[in-house]
Amino acid sequence: MTTAVDIFAEFAISETKAQDGVWVPYKDGIEFLIAKSGNKKFRRMAAALMSKNKRVLDQKDGDGVSTEAAEAKLNDIMVEIMSKTVLLGWKGNLQFQGKALEYSEENARKLLKLEGFRNLVSDMAADEAAFKEIQEAEEAKNSEK
């Protein structure tokens, strides 16, 4: 006898969680409010900014590799998109160069300019398990008890 696999339970993503984010623990009491990468706002903003900057982004050197200007513009675009659609908040004693840093889009951009931090946020935003629909249903059931 084979075990049934519920594809909904495996893959359904909560649109609310994908857009509004979920709190993801980091360390030392710090949590980040992270929306799913590729959410609706992310896709719309990415399409608009990529189209607007197509000429710079399409620049290639003699070997067909993106130019430094194209790479820099792509990084700038990702920082902008992620600060508005993925990294939506934080709580805890977060500091930047020894000074407390409250959440704002401007401060999110400042942090996301650091490639390692941007990669961390990208990994958090790509964790499908955090955004599952079935998990949301189970949480609602548990809160009713």
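Source: prediction; values computed, not measured.
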Measure across [X] and [Y] and return the closest heavy-atom pair with its distance rounded to 0.1 Å.
{"X": "A125", "Y": "V86", "value": "CB-CG1, 3.6 Å"}
{"X": "V56", "Y": "A69", "value": "CG1-O, 3.9 Å"}
{"X": "S122", "Y": "M82", "value": "OG-CE, 3.4 Å"}
{"X": "M45", "Y": "T85", "value": "SD-CG2, 4.1 Å"}
{"X": "R109", "Y": "S83", "value": "CG-OG, 3.2 Å"}

* Checking side-chain contact (heavy atoms from CB on, under 4.5 Å) for the pair L57/I77: CA distance, chi angles, key distance, verdict? -> CA-CA 10 Å; L57 295 172; I77 289 170; 3.9 Å; yes
* Is it true that a side-chain atom of S51 and a backbone atom of A47 form a donor plus acceptor pair closer than 3.5 Å? ->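 No, S51 side chain to A47 backbone: no donor-acceptor pair under 3.5 Å.
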* Return yes if some donor-acceptor pair links the side-chain N/O of N107 with the main-chain N/O of E102 below 3.5 Å, else return no. =>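 Yes: the side chain of N107 pairs with the backbone of E102.
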Spacing of [atom1] belonging to [X] relative to [atom2] belonging to [Y], to within rounding of 0.5 Å:
{"X": "E68", "Y": "N75", "atom1": "CD", "atom2": "CG", "value": "11.5 Å"}
{"X": "M124", "Y": "S37", "atom1": "CE", "atom2": "OG", "value": "13.0 Å"}
{"X": "D76", "Y": "L112", "atom1": "CG", "atom2": "CG", "value": "12.0 Å"}
{"X": "L111", "Y": "L94", "atom1": "CG", "atom2": "CG", "value": "6.0 Å"}
{"X": "K73", "Y": "D58", "atom1": "NZ", "atom2": "CG", "value": "13.5 Å"}
{"X": "I13", "Y": "K132", "atom1": "CD1", "atom2": "NZ", "value": "7.0 Å"}

* **Residue pair N93, D28: steps toward the side-chain contact (heavy atoms from CB on, under 4.5 Å) verdict** => CA-CA 8 Å; N93 186 12; D28 298 328; over 6 Å; no
* To do: Could you give me the CA-CA distance, side-chain angles and deciding distance for K17 and K36, then say whether side-chain contact (heavy atoms from CB on, under 4.5 Å) is met?
  => CA-CA 7 Å; K17 286 181 177 183; K36 187 174 182 319; over 6 Å; no
Connected via hydrophobic side-chain network under 4.5 Å: [X] and [Y]:
{"X": "V5", "Y": "F11", "value": "yes"}
{"X": "L120", "Y": "L88", "value": "no"}
{"X": "L33", "Y": "I30", "value": "no"}
{"X": "Y26", "Y": "L114", "value": "yes"}

* Asked: Taking it one step at a time, do I81 and K41 satisfy side-chain contact (heavy atoms from CB on, under 4.5 Å)?
  -> CA-CA 9 Å; I81 293 168; K41 289 177 187 174; over 6 Å; no
* Do other residues, nucleotides or ligands put more than 12 heavy atoms under 6.0 Å from the CD atom of E106? ->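 No.
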* Salt bridge or not for K84 and E80, using N-O below 4.0 Å? ->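 Salt bridge between K84 and E80, a charged N being under 4.0 Å from a carboxylate O: yes.
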* To do: List for me each residue that meets side chain to side chain contact (heavy atoms under 4.5 Å, CB included) alongside Y103, sequence neighbours excluded, and say none if there are none.
  =>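 Checked Y103 against side chain to side chain contact (heavy atoms under 4.5 Å, CB included); matches are W90, E105, A108.
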* **Near-ring test F117/F96, centroid separation under 6.0 angstrom** =>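 Not under 6.0 Å, so no.
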* Asked: Do V121 and I34 have side-chain heavy atoms sitting under 4.5 Å apart?
  ->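 In short, these two side chains touch, coming nearer than 4.5 Å.
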